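Report on the structure given below.
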Amino acid sequence: MTPLEQEVYAYLNALGILFERHEHPPVVTVEEAERQWAGIEATHSKNLFLRNQKGDRHYLVIVMHSKRVDLRALAGQIGDGKLSFASSDRMMTHLGVTPGSVSPFGLINDHNHHVRVFIDRDLKSAARLSFHPNVNTVTVTISTADFERYLAARSNAVQYIHV
């Protein structure tokens with residue numbers, strides 16, 4: 001277990017959030033992850049780390065894993081101009097993760113609450129959600145209610161959107 005992963009579990013434990021841990025080979029894409037999710041009862045997501053054109057605002061967008069995201073339409077909902085994927089340097093700076101490991105659990109490394117979070121409204125109806133614990137060799141599941149408690153504890157701006 002890596003220190004990045006241990007930090008996530010310590011944070012969840014401090015909040016009294018129960019989780020289940022599932023190890024698997026490294027995955028970078030949703031397609032790779034889908035093969036590893038067999039038997040994991042949860043609604044799975046993909047997590048996009050984006051930036052605005054000026055590079056002064058960063059967004060974590062969490063959507064159902066099966067959905068396609070139109071960045072132009074998303075920019076309109078967010079109320080920003082052109083969006084693009086953030087670099088690996090920006091991921092490390094703001095979330096403390098590398099490509100393939102982007103997760104809302106990276107918000108524990110966003111000490112200034114700089115990253116704005118946008119969540120697919122359809123995820124609210126899920127009983128359980130799954131995310132990487134800042135490493136792409138494990139999937140963690142938590143209840144949706146506990147996920148919302150986690151987000152509230154982080155104090156990042158959070159908004160639900162239609163994707």
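Worth saying up front: this structure is predicted, and the values here are computed from it rather than measured.
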Subject >> Pairwise ring pair (Phe, Tyr, Trp, His ring centres under 6.0 Å) hits with a residue in residues 61-84, at least two apart >> reply: Trp37-His65
Subject >> side-chain contact (heavy atoms from CB on, under 4.5 Å) partners for Gln159, two or more places apart >> reply: Phe118, Ile161
**OP:** Name all pairs fulfilling the salt bridge (charged side-chain N to carboxylate O under 4.0 Å, His left out) condition that reach into residues 66-77, sequence neighbours left out, sorted by first residue then second.
**Re:** Lys67-Asp120, Lys67-Asp122
Original post:
Which residues satisfy the side-chain contact (heavy atoms from CB on, under 4.5 Å) test with Ser66, sequence neighbours excluded?
Top reply: Met64
**OP:** Kindly write out the residues that satisfy side-chain contact (heavy atoms from CB on, under 4.5 Å) with Glu148, not counting sequence neighbours, or none if the list is empty.
**Re:** Lys124, Thr144, Tyr160
Subject >> Residues in side chain to side chain donor-acceptor pair (under 3.5 Å) contact with Ser88, at least two apart in sequence or another chain >> reply: none
**OP:** Specify the closest pair of heavy atoms between Asn136 and Gly100, including all atoms of both residues, with the distance to one decimal.
**Re:** CB-O, 3.2 Å
**OP:** Give the ring-plane orientation class for His58 versus Phe49, where under 30° counts as parallel, over 60° as perpendicular and anything between as tilted.
**Re:** parallel
Original post:
With sequence neighbours excluded, what pairs up with Glu41 under the salt bridge (Lys or Arg N to Asp or Glu O under 4.0 Å) test?
Top reply: none
**OP:** Could I get the full list of side-chain contact (heavy atoms from CB on, under 4.5 Å) partners for Arg57, not counting sequence neighbours?
**Re:** Asn52, Tyr59, Asp80, Arg116
Original post:
Among pairs that include at least one residue of residues 5-22, which meet salt bridge (charged side-chain N to carboxylate O under 4.0 Å, His left out), considering only residues two or more places apart or in two chains?
Top reply: Glu5-Arg21, Arg21-Glu23
Original post:
So Phe105 and Tyr150, would you call those rings parallel, tilted or perpendicular, with 30° and 60° as cut-offs?
Top reply: perpendicular
Subject >> Pairwise salt bridge (charged side-chain N to carboxylate O under 4.0 Å, His left out) hits with a residue in residues 82-110, at least two apart >> reply: none
Original post:
For Arg121, which residues count as a salt bridge (Lys or Arg N to Asp or Glu O under 4.0 Å) partner, sequence neighbours excluded?
Top reply: none
Subject >> Ser130: partners by side chain to side chain donor-acceptor pair (under 3.5 Å), with sequence neighbours left out >> reply: His44
